[in-house]
Amino acid sequence: MNKKVEVLPDKNALVERALLLILSKVEPSIQQRGRFTIALSGGSTPKPLYEALSQKKLPWDKIHVLWGDERYVAPDHPDSNQLMARNAWLDKVDIPAENIHAMPTDAAEPSQAAQQYEQHLQELFNSSQGEFPAIDVILLGMGDDAHTASLFPNTEALKVTDKLITVGNKDSSVRLTFTYPFINAAECVIFLVSGENKRPALAQVFAPTASETIYPSRLIQPQKELWWLLDEAAGAEIKI
Ligand SMILES: O=C1O[C@H](COP(=O)(O)O)[C@@H](O)[C@H](O)[C@H]1O
């Protein structure tokens with residue numbers, strides 16, 4: 001694994017760095033595989049990044065957008081990760097509707113929706129059950145409890161290693177999430193972490209040893225490229 005950690009002066013610099021990094025992956029991916037696939041994170045941190053992407057002239061017909069996790073709510077619910085990305089970015093560019101691969105949230109049971117999205121991804125990547133296709137870029141955030149995507153501490157989702165998608169739980173609210181082996185199969189994983197409240201969790205995630213069950217972001221060990229982009233508020237105590 002090629003792991004790089006950068007501490008940027010502030011959130012604007014963090015967003016600018018993430019933008020450059022993503023843009024640097026678009027053309028090579030299209031040249032090698034005919035398209036660029038990117039999985040989005042939710043939460044508050046990536047919104048300005050999505051706004052910045054909405055201003056770029058990109059080959060939108062060759063860009064496919066997925067989500068690494070989603071709250072199990074309707075697509076127009078204020079908590080929807082899809083809604084945030086559509087408002088900030090996707091509704092402002094000329095991306096074909098069929099290139100937007102939102103997680104379904106309308107099945108009677110969330111586990112059915114997880115299975116539907118898994119099948120959809122198998123078709124998209126022409127992969128079979130048990131294979132972990134490589135998304136070009138997976139964006140991740142990290143909560144102050146060290147969760148990433150919707151892989152929360154001490155939850156069953158952390159034990160799922162034979163699927164791409166599973167159900168994640170945050171207290172009583174239900175979500176869908178990529179599993180950690182699927183994330184680890186990506187060509188490139190980029191964490192964006194901002195804010196002083198993330199320092200204690202980051203210290204545990206970067207510690208030589210700590211529990212992966214309590215600090216799920218430790219499970220993210222991609223085979224290829226891993227970037228931790230931190231702003232100074234989050235990363236001030238991290239030794240690079
Ligand atoms: O709940 C979520 O939170 C994490 C971190 O969000 P942030 O607001 O601290 O940036 C995010 O990565 C995840 O996608 C989201 O569902």
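Values below: every heavy atom of this structure, side chains too, minus hydrogens, waters and symmetry copies. Just follow the structure's listing: the first ligand is 1, and inside any ligand the first atom is 1.
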Q) Are Thr213 and Asn154 linked by a side-chain donor-acceptor pair shorter than 3.5 Å? A) no
Q: Determine, using heavy atoms of Asn81 and all atoms of ligand 1, whether some pair is separated by less than 4.0 Å.
A: yes
Q. Against heavy atoms of Ala149, which atoms of ligand 1 measure under 4.0 Å?
A. 13 (C)
Q: Identify the protein heavy atom lying closest to atom 8 (O) of ligand 1, giving its residue, its atom name and the separation to 0.1 Å.
A: Ser44 N, 2.7 Å
Q) What's the shortest distance from atom 4 (C) of ligand 1 to any protein heavy atom, and which residue and atom give it? A) His147 NE2, 3.4 Å
Q) In terms of residue, atom name and distance, what is the protein heavy atom nearest to atom 1 (O) of ligand 1? A) Arg175 NH1, 2.8 Å
Q.
Among Val5, Ile190, Val189, exactly one meets side chain to side chain contact (heavy atoms under 4.5 Å, CB included) together with Trp227. Which residue is that?
A. Ile190
(Q) Looking at ligand 1, is there an atom of it that comes within less than 4.0 Å of some heavy atom belonging to Glu70? (A) no
**Q.** Nearest-neighbour protein heavy atom for atom 11 (C) of ligand 1, which is reported as residue plus atom name and distance
**A.** Gly42 O, 3.7 Å
Q: Counting heavy atoms only, name the option from Leu139, Thr45, Asp69 that's nearest to atom 16 (O) of ligand 1.
A: Asp69
Q) Can you tell which of Arg86, Arg71, Arg175 makes a side chain to side chain donor-acceptor pair (under 3.5 Å) with Asn81? A) Arg71
Q. Within the structure, does Ser150 bring an N/O atom to less than 3.5 angstrom of an N/O atom in ligand 1?
A. no
(Q) Donor-acceptor check, side chain of Thr177 to backbone of Asp69, threshold 3.5 angstrom: yes or no? (A) no
Q: Answer whether the closest heavy-atom distance between the side chains of Ser29 and Lys62 falls below 4.5 Å.
A: no
Q: Quick one: look up the protein heavy atom nearest atom 6 (O) of ligand 1 and list residue, atom name and how far away it is.
A: Gly43 CA, 3.6 Å
Q.
Suppose we measure from atom 9 (O) of ligand 1 to each protein heavy atom; which comes out shortest, and what is that distance?
A. Lys198 NZ, 2.7 Å
Q: Determine, using heavy atoms of Lys170 and all atoms of ligand 1, whether some pair is separated by less than 4.0 Å.
A: no
**Q.** Polar side-chain atom of Asn2 near backbone of Lys224 as donor-acceptor pair, under 3.5 Å
**A.** no
Q. For the residue pair Phe206 and Trp228, does the interplanar ring angle fall in the parallel (under 30°), tilted (30 to 60°) or perpendicular (over 60°) class?
A. perpendicular
Q: Check the surroundings of atom NZ in Lys3: do more than 12 heavy atoms from other residues, nucleotides or ligands lie under 6.0 Å from it?
A: yes
Q: Just jot down the ligand 1 atoms closer than 4.0 angstrom to any heavy atom of Gly141, in number order.
A: 12 (O)
Q.
Taking the six-membered ring of Phe191 as reference, does the cationic atom of Arg218 (NZ for Lys, CZ for Arg) lie under 6.0 Å from its centre and within 45° of its axis?
A. no
